[in-house]
Amino acid sequence: MTRYLFNPPAPFSLPIQGSESRFPVGRIFCVGRNYHAHAIEMGAPVDKTTMQPFYFIKDAASAVESGATLPYPPGTRDFQHEMELVVALGAGGFRVTEADAGGMIFGYACGLDMTRRDLQLVARAAGRPWDLAKNFENAAVLSAIVPNGRVLGQGAIGLQVNGAPRQGADLGQMIWSIPELIADLSRYYHLRPGDLLFTGTPEGVGAVVPGDRITGRIEGVGEITLTIGDAE
Ligand code: MN
């Protein structure tokens, strides 16, 4: 038995709807700008004929389950919500075809890609990495995983803050489809069971403040909730 200097933390895991088992989360990949209207609101339109998807990663140690109350994070004055469909992989793959990518899907979750937008815009302008903006404690919020091996190509996705609609779109508006994203990502990584993929947010991202309650919903997947607490 390995002796560690101190006890390593347990892996982050998510409930699986209809199962006693939990889903152990590996890496959390996120795609940027995957809905045209959001790309335009960020001032960076996408032309699929000449551009490739791009990615960033959130640490699974920074993930938190739906229903949490987060302290308003340090270092920002513009903490924003991004409602996203999350794909959970049940099988690995490397250099897979789009036709084979669907077979790697275990199921889906609702996700909130919480973002320190002010830090992201500073990093973007300076050509620096996005980690401070995207990869910090509690920045990946995830619902239970719903087992579903089919490719989700349509369905309503929406988010409300304190009951007022902020984001609303359809999964069919994604620029790169789920099989296209999995196949593309597998050109760069040996994907593994347990890996998650945030598939991008539609338009309507915006700031939240202490006391706000976020509720998100994706047709055929479920709901996610998050409460913003006071700053630490
Ligand atoms: Mn996002």
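Just so you know, ligand 1 is whichever comes first in the structure, and atom 1 is the first atom listed for that ligand.
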A.B. asks: Quick one: do E82 and F198 satisfy side chain to side chain contact (heavy atoms under 4.5 Å, CB included)? Show the steps, please.
C.D. replies: CA-CA 10 Å; E82 295 191 0; F198 277 65; over 6 Å; no
A.B. asks: For the Mn ion (ligand 1), state how many protein N, O or S atoms fall inside a distance shorter than 2.8 Å.
C.D. replies: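 For the Mn ion (ligand 1), protein nitrogen, oxygen or sulfur atoms under 2.8 Å: 3.
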A.B. asks: Is a side-chain donor-acceptor pair under 3.5 Å present for T76 with R116?
C.D. replies: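 No, no side-chain donor-acceptor contact under 3.5 Å.
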A.B. asks: Excluding sequence neighbours, so at least two apart, what forms ring pair (Phe, Tyr, Trp, His ring centres under 6.0 Å) with Y188?
C.D. replies: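 With neighbours one apart ignored, the set is empty.
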A.B. asks: Please check if the side chain of E232 supplies one atom and the backbone of P71 the other of a donor-acceptor pair under 3.5 Å.
C.D. replies: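 Not at all, since once roles are kept as given, no pair shorter than 3.5 Å links the two residues.
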A.B. asks: Taking only residues two or more places apart in sequence or in another chain, which ones pass ring pair (Phe, Tyr, Trp, His ring centres under 6.0 Å) with F106?
C.D. replies: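 Expected list: F23.
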A.B. asks: Holding to ring pair (Phe, Tyr, Trp, His ring centres under 6.0 Å), I want the full list of residues that pass it with W176, two or more places apart in sequence or in another chain.
C.D. replies: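 Partners of W176 by the ring pair (Phe, Tyr, Trp, His ring centres under 6.0 Å) criterion come out as none, since no residue qualifies.
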